[in-house]
Amino acid sequence: HVDAQGHPPSPGVGQRLLTPGSQQQTRALLSQATFVDSTTLEVLLEAWRSRSEAGLEVVIRAPSPVVLRTLEVAGLVDVLPLELAERPRR
């Protein structure tokens, strides 16, 4: 698989993207992401699959509007666990 520029993903890209939470949960902190491509989606799906099989959880925390829209288009909003940021009340 390749990124938007046609490059294969760097080794360990998933390890840099995902940060350990509790012993049972890994969070993908994507609130500042301005671009998401198929490589990112592949990393998130693989992390979710492998950790789910081990009885662990992966949560996409506070996805930016770009990330959320990409997940919607890819049909992953109802597949991957999301922790949406609360919007400030006016």
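Sequential numbering from 1 along the given sequence is applied to the chain's residues. The structure displayed is predicted, hence computed values, not measured ones.
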Tell me the salt bridge (Lys or Arg N to Asp or Glu O under 4.0 Å) pairs involving residues 65-74, sequence neighbours left out?
->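 Sorted result for residues 65-74: Arg69-Glu72.
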Pairs involving residues 57-67, ordered by first then second residue, that meet salt bridge (Lys or Arg N to Asp or Glu O under 4.0 Å) (sequence neighbours left out) = Arg61-Glu83
Residues in side-chain contact (heavy atoms from CB on, under 4.5 Å) contact with Ser52, at least two apart in sequence or another chain | Trp48
Listed partners of Val66 passing side-chain contact (heavy atoms from CB on, under 4.5 Å), at least two apart |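 Val66 satisfies side-chain contact (heavy atoms from CB on, under 4.5 Å) with Ser64, Thr70 once adjacent residues are dropped.
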Compare all side-chain heavy atoms of Leu45 with those of Leu80 and state whether any distance is below 4.5 angstrom.
->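 Heavy-atom side-chain distance check passes, below 4.5 Å.
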Non-hydrogen side-chain atoms of Leu68 and Leu84 separated by less than 4.5 Å |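 A side-chain contact exists here, since the closest heavy-atom pair is under 4.5 Å.
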Return the set of residues passing side chain to side chain donor-acceptor pair (under 3.5 Å) with Glu46 (not counting sequence neighbours), or none when no residue passes.
-> none
Atom pair CG/CD1 of Leu71 and Ile60 - distance to nearest 0.5 Å =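 That separation rounds to 5.0 Å.
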Give the intermediate values and the outcome of side chain to side chain contact (heavy atoms under 4.5 Å, CB included) for residues Leu30 and Leu44.
-> CA-CA 11 Å; Leu30 299 175; Leu44 292 171; 4.1 Å; yes
Leu56/Thr26 under side chain to side chain contact (heavy atoms under 4.5 Å, CB included): CA gap, chis, key distance, verdict = CA-CA 8 Å; Leu56 304 173; Thr26 299; 5.9 Å; no
Of Asp37, Leu41, Val36, the residue whose pairing with Thr39 passes side chain to side chain contact (heavy atoms under 4.5 Å, CB included) =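 Among Asp37, Leu41, Val36, the one meeting side chain to side chain contact (heavy atoms under 4.5 Å, CB included) with Thr39 is Asp37.
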